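Following: one structure in structure tokens, then a few remarks.
The structure displayed is predicted, hence computed values, not measured ones. All ligand and atom numbering here is 1-based and tracks the order in the structure.
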Amino acid sequence: MPEIGMDLNRFILEEERRFPDATGSLSMALMAIETAAKVIASHTRMAGLVDILGKADKVNVQGEEVQKLDEFSNEALITILGDSGQFYALASEEEDDPVFPEKGKNGKYIIAFDPLDGSTNIEVNVSIGTSFSIYKKLNGTVEDFLQGGDKQIAAGYVIYGSSTVFVYTTGSDVNGFTLDPSVGLFLLSHPSIKIPEKGKIYSVNESNAGGWDQKLRDYFESLKNSGYTSRLIGTMIADVHRTLLKGGIFAYPADEKNKNGKLRALYEVLPMGLLIEKAGGMATDGEKDILQVKPTDIHQRIPIFLGSKSEIYSLMKAL
Ligand code: AHG
Ligand code: MN
Ligand code: MN
């Protein structure tokens with residue numbers, strides 16, 4: 001078990017050493033994400049000032065114009081990941097089509113990300129995040145992003161909350177690192193995360209319940225009647241982070257209006273699915289294991305139910 005407090009860079013390199021054939025490319029890819037996360041985290045702290053500075057037509061200390069946080073995060077990721085040379089292509093929630101960075105021509109990987117998840121929570125000072133999912137580059141076309149959740153090489157998220165935490169997996173353990181802002185290092189704080197077998201919390205936007213299938217309404221009613229409590233932050237990453245640590249269920253189901261739910265398969269649902277499953281939980285679209293999903297479009301939406309084994313088993317029985 002790696003020691004608590006280990007710096008993320010060292011952790012990445014020590015993991016790499018376990019694979020004698022590794023070229024170091026994945027390690028460099030992960031470190032580029034780490035750098036982008038630090039840049040976004042520091043700007044998140046300025047979020048409340050963006051409008052004030054923006055209105056005053058101010059420039060920031062680096063002499064750049066002050067931007068909205070989601071645009072800023074998107075550009076930071078595209079620039080930093082693009083310049084790392086490790087990624088042949090990038091797909092972002094904020095871009096209609098994949099971006100092929102000039103410096104990524106020899107990149108072995110492709111990456112999909114939601115640069116800023118929970119945008120509506122920014123102005124009310126509630127946790128926001130960044131999620132990512134890495135695949136091998138195959139043909140170098142948009143199709144490479146549609147390989148399916150079980151082909152993910154690595155996945156993770158960064159949550160900008162009361163502290164900034166970086167959680168990722170390369171397909172074995174799930175580990176979490178907390179940013180020590182005084183030295184600018186992510187330090188191992190949550191080694192080998194295991195989701196509880198059963199929790200006490202359900203997390204779903206119940207204002208949509210009128211449009212749910214009756215069986216689904218009954219399922220959530222049954223949780224209420226068996227002592228569950230409700231929590232919904234409205235930032236998927238924050239709701240998944242809590243579910244990972246405390247157990248229970250998080251869902252964004254389909255409803256009458258949104259036949260495929262709301263969340264995007266490629267850069268929201270599939271990376272969360274891999275993390276939850278590698279931590280010993282389960283994730284499904286209501287019919288099959290979420291990692292069996294092969295998106296048909298980079299911005300496709302799918303329903304998601306994820307969490308502790310106990311809740312997902314009972315959900316599957318109920319549906
Ligand atoms: P984004 O900010 O990237 O557009 O994502 C927002 C998503 C997700 O974070 C959250 O779980 C969901 O929207 C909340 O949607 P509702 O307001 O419909 O519950
Ligand atoms: Mn999002
Ligand atoms: Mn977003």
Verdict with reasoning, Y168 to I12, per side chain to side chain contact (heavy atoms under 4.5 Å, CB included): CA-CA 11 Å; Y168 83 104; I12 291 171; 3.6 Å; yes
In the protein, which heavy atom is nearest to [atom], and how far is it?
atom                    : result
atom 11 (O) of ligand 1 : M236 N, 3.3 Å
atom 12 (C) of ligand 1 : K262 NZ, 3.8 Å
atom 10 (C) of ligand 1 : G234 O, 3.3 Å
atom 19 (O) of ligand 1 : N205 ND2, 2.7 Å

So, taking the atom named CZ in F250 and the one named CG in D239, what distance separates them when rounded to the nearest 0.5 Å? 5.5 Å
Near [X], which atoms of ligand 1 are under 4.0 Å from a heavy atom of that residue?
X    : result
E93  : 3 (O), 4 (O)
E268 : 3 (O), 5 (O)
L116 : 2 (O), 3 (O)
Y252 : 15 (O), 16 (P), 18 (O), 19 (O)
T235 : 9 (O)
D114 : 3 (O)

Distance alone, cut at 3.5 Å: any donor-acceptor contact between the side chains of [X] and [Y]?
X    : Y    : result
E197 : S310 : no
S192 : D173 : yes
Q152 : S133 : yes

Between F132 and Y157 the two heavy atoms that sit nearest each other are CE2-N, 3.9 Å
Residue pairs involving residues 152-163 (criterion salt bridge (Lys or Arg N to Asp or Glu O under 4.0 Å); sequence neighbours excluded):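 Found none.
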Close approach, I237 and ligand 1, non-hydrogen under 4.0 angstrom: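 I237 does not count as a contact of ligand 1 under the 4.0 Å cut-off.
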For ligand 1, is there an atom lying under 4.0 Å from some heavy atom of L263? yes
For ligand 1, find out whether one of its N or O atoms is nearer than 3.5 Å to an N or O atom of G118.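 Checking ligand 1 against G118, an N or O pair does fall under 3.5 Å apart.
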Polar-atom distance check: N208 versus ligand 1, any N or O pair below 3.5 Å?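 Between N208 and ligand 1, no N or O pair is found under 3.5 Å apart.
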Quick one: sort the Y88 and F100 rings into parallel, tilted or perpendicular, breaks at 30° and 60°.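 Answer is perpendicular, since the angle exceeds 60°.
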Aromatic rings F166 and F177: how do their planes relate, parallel, tilted or perpendicular, breaks at 30° and 60°?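 Ring orientation, 0 to 90° scale: perpendicular.
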Any side-chain to backbone donor/acceptor pair from N258 onto N260? Under 3.5 Å, distance only.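 Looks like no, no N/O pair under 3.5 Å.
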Which atom, among the N/O/S set of E268, is closest to the Mn ion (ligand 2)?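 Nearest to the Mn ion (ligand 2) within E268's N, O and S set: OE2.
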Identified side-chain contact (heavy atoms from CB on, under 4.5 Å) partner of T178 from the options V165, L8, I159, T164: V165
I304 and side-chain contact (heavy atoms from CB on, under 4.5 Å): which partner among L270, V293, I276, V269?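 So the option named by the test is V269.
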If hydrogens are left out, which of I122, D117, T130 has an atom nearest to atom 8 (C) of ligand 1, that is, the closest non-hydrogen atom? D117
I'd like to check I290 versus L306 (side-chain heavy atoms, cut-off strictly below 4.5 Å). Are they in contact?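 A side-chain contact under 4.5 Å is absent here.
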Is K224 salt-bridged to E206, cutoff N-O under 4.0 Å?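 So K224 pairs with E206 through a salt bridge.
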Taking 2.8 Å as the upper limit, name the protein N, O or S atoms near the Mn ion (ligand 3). E93 OE1, D114 OD1, L116 O
